[in-house]
Amino acid sequence: MNVPQHISIIMDGNGRWAKQRGLDRVQGHIEGVKSVRAVTEKCVELGVKYLSLYAFSEENWNRPTEEVGALMSLLAKCMIQEYDTLMDNGVRFRVLGNRSRLSPDLDEAITNLEKATENNPNTTMLIMLSYSGKWDILQAAKKLAGRKPEEITMEAIDDALVTAGIPDPELLIRTSGEQRISNYMLWQTAYTEFVFTDTLWPDFRKDSLMAAIEEYSRRDRRFGKVK
């Protein structure tokens, strides 16, 4: 089986999962944390180097204030609760996105966890928080503004994105049956293989991940070439 070195997941369906059970939307997000833990542990087991998770988009700031506040509180709580799991599995934790929109307390907590896990040798977990692909390209363009045209290369843009130094994802999974990428990693997914599943994120576990990897393994990746 061909295991990708970088797997990315658009974690969708928490709200629908909760609605189907007559629960508050936040309960779907809480259940989704269990899926994050299961998938991360499986990635460590498989030797996956990078696992990126689309947790909260720039557009998600337009959701009801109560839900946004609950999500941010849940993230802060999870960073405390999952510390031992990250350390036991040798997982490095990073958050990428427009962190200027986060509260100072949350931003500080993220920085502290990043420092605590920076030497962990196994999978790097990338939480894409307050992130969007268009924002990422825009902030890269601002960094490159003023350079000579010949200096603005593909490699220069790669280095100006928040994912600088991280290989592009080979596999992108989206849960819940939606078949779009919702302004996510627009530059980085140019040749990524997409797998869409009807499974709602809170129901996505290790066997679901393996099914997606097996589907990826059957793909013939040509990158525009002829084999």
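Quick caveat, the model's predicted, so the values are computed rather than measured.
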Worksheet item: So, the side chain of Gln188 versus the backbone of Pro169: is there a donor-acceptor pair under 3.5 Å, distance only?
Response: no
Discussion item. Looking only at side-chain N and O atoms, does Ser182 offer a donor or acceptor that is under 3.5 Å from a partner on Tyr54?
Written reply: no
Discussion item. Which label fits Trp201 and Phe204: parallel for a plane angle under 30°, tilted from 30 to 60°, or perpendicular past 60°?
Written reply: parallel
Worksheet item: Got a salt bridge between Arg219 and Glu215, using NZ or NE/NH1/NH2 to carboxylate O under 4.0 Å?
Response: yes
Item to complete: Could you walk me through whether Ser57 and Asn60 pass side-chain hydrogen bond (donor to acceptor under 3.5 Å, both in side chains), step by step?
Response: CA-CA 5 Å; Ser57 72; Asn60 287 155; 3.3 Å; yes
Worksheet item: Is there a donor-acceptor pair closer than 3.5 Å between any side-chain N or O of Ser132 and the backbone N or O of Asn183?
Response: no
Worksheet item: Is the closest basic N to carboxylate O distance between Glu58 and Lys134 below 4.0 Å?
Response: no
Item to complete: Before giving the answer on side-chain contact (heavy atoms from CB on, under 4.5 Å), spell out for Met125 and Glu82 the whole-Å C-alpha distance, their side-chain angles and the decisive distance to 0.1 Å.
Response: CA-CA 12 Å; Met125 175 196 287; Glu82 300 300 318; over 6 Å; no
Worksheet item: Taking atom types as modelled and ignoring hydrogens, do the side chains of Thr197 and Arg174 form a donor-acceptor contact shorter than 3.5 angstrom?
Response: no
Fill in: salt bridge (charged side-chain N to carboxylate O under 4.0 Å, His left out) between Arg205 and Glu31, worked out
CA-CA 11 Å; Arg205 293 293 197 267; Glu31 188 68 20; 3.4 Å; yes
Discussion item. When you measure from the side chain of Thr175 to the backbone of Leu200, do you find a donor-acceptor pair of N or O atoms at a distance under 3.5 Å?
Written reply: no
Fill in: Main-chain N/O of Lys148 paired to Glu151 side chain as donor or acceptor, under 3.5 Å
yes
Worksheet entry | Short side-chain donor-acceptor distance under 3.5 Å, Ser176 and Arg16 | yes
Discussion item. Treating Asn122 as the side-chain partner and Asn89 as the backbone partner, does any N or O pair qualify as donor plus acceptor under 3.5 Å?
Written reply: yes
Fill in: Side chain Ser130, main chain Gly97, donor-acceptor under 3.5 Å
no
Worksheet item: Between Gln139 (side chain) and Ala160 (backbone), is there a donor-acceptor pair under 3.5 Å?
Response: yes
Worksheet item: Is there a donor-acceptor pair under 3.5 Å between the side chain of Glu193 and the backbone N or O of Leu171?
Response: no
